[in-house]
Amino acid sequence: MATERVGGGDRPLERASSTSGTEVDGSVDSAESDLAAALEVAVEGDVRFDEYTRVLYATDGSIYGAQPAGVVFPRNTDDVRSAVRVAADYGVPVLPRGAGSSLAGQAVGPGCIVLDLSRHMNDILEIDPDERRATVQPGVVQDDLDDALEPHGLRFAPDPASSNRATIGGGIGNNSTGAHSVRYGITDAYVEECEVVLADGSQIRTRDVVLDGPEWDDIVSKDDREAEIYRTVRALVEDNADEIEARYPTLKRCVSGYNLQKVLRENEAGEDVINLSKLIVGAEGTLGVVVEAELSLVTRPETTALAVCCYDDLLEALAAVPEALSLETSAVELMDDEVFRLAAESPEYAEYAEAIPDGTAAVLMVEFDSEVVDDLSAALTNATGRLVDDGTAFDSIEALEPETQDRLWKLRKASIPLLMSMDGDPKPYPFVEDASVPPEELAEYVASFQEILADHDTTAAYFAHAGVGTLHIRPVLNLKDGDGVEKMRSIAEDVTDLALEHNGAFSGEHGDGLARTEFNPKLYGPDLWQAFKDTKSAFDPDWRMNPGKVVYREDDPTDIREHLRYGPDYASLEPKTTLDFDDDDGGFSHLVELCNGCGTCRQTDGDVMCPTYRATEEEIATTRGRANLLRAAISGEIDPEELYSDRFQEEVLDLCIGCKGCQSDCPTGVDLAKLKAEVKHQSHERNGTTLRERLFSNVDRLAAAGSTAAPVANRATNLPGARTALEKTLGIASERTLPEFQRETLVDWFADRESAVDPETADAGVVLFPDTDTNYSNPDPGKAAVRVLEAAGVRVAVPDLGPTGRAAYSKGLLDDAADHGEALLESLEPALERGWSVCFVEPSDVAMVVDEYRSLLPGRVDDERLERLVSNAYGVCEYLDAHRLDERLPVDPEDARERVTYHGHCHEKARGADHHAVGLLRRAGYAVDPVDSGCCGMAGSFGYEAEHYELSRAIGSLLREQLEASVADAETANGDGTTVVAPGTSCRTQIGDFEAYDRPPHPIELLDAALER
């Protein structure tokens, strides 16, 4: 048997947060203090009972929220066993947790000890490609597992939309699945064996055991918990065989209740076996803690094809599902027009919705793969013929190219978080969203569902897995209103009745949790409900494992209306703000509350956010974590004054590096950088500012003085002891390379030269903004920009302008930033009135003007004047590309030029503007590899600050790995190297500080080098 050992130990980057060890604050009572102390002695991993941690782990991706007692971060199975034993000694419930992205409240447990298994227990222990098996710890992220399996042509079959952050352990708990369950089924079919820690701290391995064979006899002959479990479960299944046959829905997906129907089966040898793994799957952590799982795998299709059939009526689309299923499909998914509308309004997803024709009420996404269909092109033609030409669809999109398919799937995967971005308090909430019915009954079911909605005077959004009868339907409700909560309960009663009428299940994917557990007696009847309770008691006699999920005690019933994150008692304090939050319907508090807990900010496989989480793997470093703490403060869950405490400023806000990745990557649009700027400003109003904050916010003045004193100023910082003194007095990291100042500024250089463009013949005019770095330290990109613009026939001016205010804004000095913005607008107004544009070499400065001025300057300047500046501000490459001015440049694109590795700036990515430089360079003849990189970690002044230097380098090391991979690819492909290029000053500084790299050029410098002179 060929096996491969993968991983080992913790991930390379240890967390850099200041939060560590056991933390207990004054709000924790003495009993919990004793519990925390006992856990600290018992486990190797961190133990945290402080207020911040309790808030961070109070919510998941659902509508629920309740603070746990504290959180343990086990490093290994021994830690799990020890923590569970301590919990048993103290009579405290235990809740195992992965990414916290569950949608039914499975990861919400009031007063529980949360075991965060995602931090350390995240290794892929073994891959056996011959047997198509993998052994993993529960904290492994599914996409990371699939990446490791890809070289073997294998994958884990279930594919939830949250696979880029959801853990395998969480998927086992929820019995997760995804878009391809039409072909592959759900998680329980692929979990073969589990190591499980029980409520008393004992450990069992669940696997196939032949009934009445030697192994069975050995197990049940003992007087222990494992023997009791096996005897009880077998008896329950056999005694309730008729009820199991009658009550369990015959669907591809049913994840309500316990899987008693799958525990006993006949194996390939014809033997009757019992496998408790099938019971553990879907148990939501109520029977034990999975610490290791052996998974079966499937082969990965070489190619796929996708037909997106468009309907002008939702019910017609649903009625076409059986026809779609007859086409040997591997997936049949649905999206409705509400998803398209919200996507079109989202900065990240607007481009993906462009392909959907106007007038589309719903689409069916019909996928084929090469393992089932020989001719994918013919399959698409057949699908179009059956569903469009001979069916009720009015149009279709056929996608054979992987890139096109990926764009459409990305739109589908974003449906859940997009829907939660809806303006106002009413939201499309998940509580009956994934009831499943036979696909042939889906249209009739939805028609009746619409009647229920009408009776309750509300609407819903529709999307998801039509091919297996699991349609996510989210009624729009205001749960902050008592009537809205009661309406939710009434709708749930009616919909569960409707699902039963259609031989359906209450949950086909997202599980029971706090949302659906109370309805399980209705679905399964009194005999199976008692069997569920007996199963729970056999595994967990004291009912301490994630109580209230799947089953409940009669004296403590689970109620869908309890533990709501936003319930009738919720109220937020809307602060008086300096920034304008009018564009964020509902103001500051609404922007905070847009976070629905989906956990997209925990992804590590692409996009920008959240850089500090990627380096630290700390929940507090995610956009979700920061939003949860802000929400807790403005709602009074914690003292509102905590916002202005040193701890909140240092651990919550200062570790948001303002990359603005959440502006584009967060599907609900939680702009944490804007929220941070406002709260930092209010803190400064109360507590004042430090000398370093003032220094960095006025870096333009410092640079001007350094330029005037150059080269003496440059030598001064290299004197013995100078760097140490800077670190001790100002907190500037002694290891960091400091800027060197040029005596001749960019403005001086430009003033001393003759323009290459006749003002009488110029086609356009541009003010090139001399940012601080380009003007005083690194004028070469600015000079290159002037030459390229003039070569394109553009008249250029480089006046002596003040800063945009970016540095002050990033430090929360909003009044200073607004002063700079107002002064800059006044200086630029004559040029703007002449029809000139403003170009920026530095991406963070153009982002400041285009993004921040709209909320910073209202009330100070006329809206029309402000909009004229904002709409005519460009990055220099953006300007050239948007106006196709590179077509005028004297560049021979046939000239063979070097390969380029392009790292885009975070602020460009947030604005969707990072592609412009790539296009320009490619058209100029460069072979460009744009790496899918996150933040460089420098983030303006952040990387210069001594307390943040190590974290900055840790974030940067992730970029360095990507650059090294691109360099290696270039050497493999053609034996040559590659030139790393980056438009941002911070990025070029960070990369230049890597041992193997020189400071990269700006892309405009490469374009300048390509000009024929």
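- Between the CG atom of Leu471 and the CG atom of Leu314 there is a distance of 7.0 Å, given to the nearest 0.5 Å.
- Judged by distance alone, the side chains of Ser181 and Arg253 do bring a donor and an acceptor atom under 3.5 Å apart.
- Residues Asp434 and Ser507 have side chains that bring a donor and an acceptor to within less than 3.5 angstrom of each other.
- Side chains of Glu192 and Ser296: a donor-acceptor N/O pair is present below 3.5 angstrom, by distance only.
- The structure places OG1 of Thr600 at 11.5 Å from CZ of Arg602, a figure rounded to the nearest 0.5 Å.
- To the nearest 0.5 Å, atoms CG (Leu408) and OH (Tyr352) are separated by 10.5 Å.
- The backbone N or O of Asp932 lies less than 3.5 Å from a partner atom in the side chain of Gln962, making a donor-acceptor pair.
- Annotation: the span from Glu333 atom CD to His180 atom NE2 amounts to 8.0 Å, rounded to 0.5 Å.
- When side chains are defined from C-beta on, Tyr445 counts as touching Ile473, because their heavy atoms get closer than 4.5 Å.
- Looking only at atom types and distance, the side chain of Glu367 has a donor-acceptor partner in the side chain of Ser330 under 3.5 Å away.
- Thr458 places a side-chain N or O within 3.5 Å of a backbone atom of Val476 that can act as its donor or acceptor partner.
- Here the CG-OG distance, from Asp336 to Ser415, works out to 8.5 Å after rounding to the nearest 0.5 Å.
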